[in-house]
2 protein chains.
Amino acid sequence: MLRMGKLTDYGIVLMSYIAEHRSKQHSAHMLSDAVHMPLPTVRKILKVLSAGGLLTSERGAQGGYILSGDPADISVAQIITAIEGPIALTECVSSASQCDQETHCAVQTNWNQINNAVFHALDEVKLADMLTPTLSAARPVQFYPPSYRAKAVSLQDGDQHE
Amino acid sequence: MLRMGKLTDYGIVLMSYIAEHRSKQHSAHMLSDAVHMPLPTVRKILKVLSAGGLLTSERGAQGGYILSGDPADISVAQIITAIEGPIALTECVSSASQCDQETHCAVQTNWNQINNAVFHALDEVKLADMLTPTLSAARPVQFYPPSYRAKAVSLQDGDQHE
DNA sequence: TTAAATGATACTATAATGGTATCAATTAGG
DNA sequence: CCTAATTGATACCATTATAGTATCATTTAA
């Protein structure tokens, strides 16, 4: 399974919540209550989201966070990028290939394209889309065949615990 | 950054190598030498790839591995799925939502679409494509704007070390 | 029957991640 | 002007996941 940090997941939930209540300014405390996440964690995420330019913060009493832009303009890719860093599946792409594989790594070049494909997929989904309960009708969605799921075999020891 | 296990990266390199030398059968030992990866690790990956149906194994002396299918038919998505498990960015999708967020998680529904988009992006890139040094001309590739890279802010402590 | 190979399982150390605590800086309001 | 509320920044810890290794069982060609 392609893994993404749990904090990023939280981040998207937070962004969704804020987008749903754009009128108000939200403090970390309020959001923590509203979305039932531990306050320190919420604070950490909000800070990063703010540093990434997705949220605008106001300090001091009665301060808080608001969306920096329109939900229709903020993509999932932007949120992920803000929290996780640049979207890339492999290390070697972002960190200018310090691996000793370079010789056999004609592969590397093509990773760029893969990463791009993934990025664009994520960039097409906007925050506004996340608010709508289901948009199945709007976009042509094809669930990938269950055979793929079934074929997965654990790399780790013993149990797969899922 | 969206993370993918290093072993998966290795797996793709291995598959690429095997695809480039389809005629022969390859033992873990040979591959370990050829691609300069630790033998035990190579063995582990090959086993999983074999269990996933992407490689066909033959036991005993003079045994080894060969590609199960045509490189043009094997997608990167398949390789990733074989090694990492089903392609999904969040936990809650694959493990039938055991999170306590369900109330606020209208978001969850839409993750399916995101995961799908990513899956299709990865499924379109075939192993055969990885062999060609660059296919820039063939497919329209757009590198995402560097602004996204720049905006990334570390969630972790201190340094970003990259 | 031996050697070469895959299959399976168990173990360990390192690193990444999530989570927490603490203090500094800012600002509205009494 | 002082207090309380709030974000900003940094440092720290514990748990988990990952990569990597070791060991033994199984199969098969020579």
Side-chain angles (χ1 to χ4, degrees), chain A residues 1-11 13-14 18 24-33 36-52 55-66 83-85 90-91 95 99 153-162, chain B residues 1-11 14 18 24-33 36-52 55-66 83-85 90-91 95 99 101 153-162:
Chain A
M1 160 155 134
L2 264 182
R3 288 270 312 295
M4 194 189 62
K6 196 197 288 184
L7 293 189
T8 305
D9 200 350
Y10 288 173
V13 172
L14 282 172
I18 297 175
K24 288 191 289 250
Q25 210 176 24
H26 303 273
S27 73
H29 188 71
M30 284 172 50
L31 288 171
S32 168
D33 283 351
H36 298 112
M37 291 181 208
L39 177 57
T41 302
V42 169
R43 274 211 274 251
K44 184 190 282 190
I45 299 173
L46 290 174
K47 185 185 68 177
V48 172
L49 251 15
S50 172
L55 291 178
T56 302
S57 67
E58 196 168 323
R59 298 177 70 163
Q62 312 301 327
Y65 297 90
I66 53 170
I83 299 181
E84 305 252 342
T90 57
E91 298 283 350
S95 56
C99 76
V153 170
S154 175
L155 251 184
Q156 294 320 114
D157 308 335
D159 51 0
Q160 180 94 341
H161 59 27
E162 64 170 339
Chain B
M1 161 156 131
L2 264 182
R3 287 270 312 294
M4 196 189 61
K6 196 197 287 185
L7 293 190
T8 305
D9 200 350
Y10 287 173
L14 281 172
I18 296 175
K24 285 193 291 252
Q25 210 176 23
H26 304 273
S27 72
H29 188 72
M30 285 171 52
L31 289 170
S32 168
D33 283 351
H36 299 110
M37 292 183 208
L39 177 58
T41 302
V42 168
R43 274 211 274 253
K44 184 190 280 192
I45 298 174
L46 290 174
K47 185 185 68 176
V48 172
L49 251 14
S50 173
L55 292 177
T56 302
S57 67
E58 196 169 322
R59 298 178 70 163
Q62 312 302 325
Y65 297 90
I66 53 170
I83 298 180
E84 304 252 343
T90 57
E91 299 283 350
S95 57
C99 75
Q101 224 66 35
V153 170
S154 175
L155 251 183
Q156 295 321 114
D157 308 335
D159 51 1
Q160 176 95 338
H161 59 28
E162 64 169 338

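In the text below, chain A, chain B and the rest are named by the order of the sequence lines, each starting its count at 1.
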- Comparing A:Gly60 with A:Lys47, nearest DNA chain D nucleotide closer to 5' gives the residue A:Gly60
- Query: Within this structure, what is the CG-to-P distance between B:Leu55 and C:dA5, rounded to whole angstrom?
  - Reply: 17 Å
- Query: Does A:Arg3 make a side-chain N or O approach to OP1 or OP2 of D:dT18 shorter than 4.0 Å?
  - Reply: yes
- Distance test, side-chain N/O of A:Ser57 to OP1/OP2 of D:dG8, below 4.0 Å: yes
- Starting at atom CD1 of A:Ile18, determine the distance to atom P of D:dT7, rounded to an integer number of angstrom. 10 Å
- Item | Listed nucleotide nearest any side-chain atom of A:Leu7, set D:dA19, C:dG19, C:dA28 | C:dG19
- Message: Measuring from atom CE of A:Met37 to atom CG of A:Asp9, what distance do you get when rounded to the nearest 0.5 angstrom?
- Response: 8.0 Å
- Item | Rounded interatomic separation in angstrom, taking CG from A:Leu46 and P from D:dA9 | 13 Å
- Task: Apply the side-chain contact (heavy atoms from CB on, under 4.5 Å) test between A:Arg43 and each candidate in A:Ile45, A:Thr41, A:Leu39; give the one that qualifies.
- Result: A:Leu39
- Expressed in angstrom and rounded to an integer, what is the separation of B:Ile45 atom CD1 from C:dT6 atom C1'? 15 Å
- Message: As a test of understanding, state which of B:Leu46, B:Leu14, B:Leu31 forms a side-chain contact (heavy atoms from CB on, under 4.5 Å) with B:His26.
- Response: B:Leu31
- Message: Can you measure B:Gln25 atom CD to C:dA5 atom C1' for me and round it to whole angstrom units?
- Response: 10 Å
- Atom CG of B:Leu2 and atom P of C:dT17: how far apart are they, to the nearest Å? 12 Å
- For B:Met4 and D:dA19, give me the distance from atom CE to atom C1', rounded to whole Å. 14 Å
- Message: Has A:Ser50 got a side-chain atom pairing as donor or acceptor with A:Thr56's backbone, closer than 3.5 angstrom?
- Response: no
- Message: Can you tell me if A:Tyr65 touches the phosphate of D:dG8, counting only side-chain N or O atoms and a distance under 4.0 Å to OP1 or OP2?
- Response: yes
- 5'-most contact on DNA chain C: B:Arg43 or A:Leu39, nearest heavy atom basis? B:Arg43
- Task: Name the closest nucleotide to the A:Ser27 side chain, picking from D:dG20, C:dG19, D:dT7.
- Result: D:dT7
- Query: What integer distance in Å separates B:Leu14:CG from C:dT6:P?
  - Reply: 12 Å
- Task: Give a yes/no answer on whether the side chain of B:Lys6 brings an N or O atom under 4.0 Å of OP1 or OP2 in D:dG20.
- Result: yes
- Query: Is there a side-chain contact between B:Ile66 and B:Ile18, using heavy atoms and a 4.5 Å cut-off?
  - Reply: no
- Confirm from the modelled atom types if A:Arg59 and C:dA25 form a donor-acceptor pair under 3.5 Å, side chain to base only. yes
- Checking all strands, does A:Pro40 fall into the base, sugar-phosphate, or nothing category for heavy-atom contacts under 4.0 angstrom? base
- Message: Check this one for me: any side-chain N or O of A:Tyr10 less than 4.0 Å away from OP1 or OP2 of C:dG18?
- Response: no
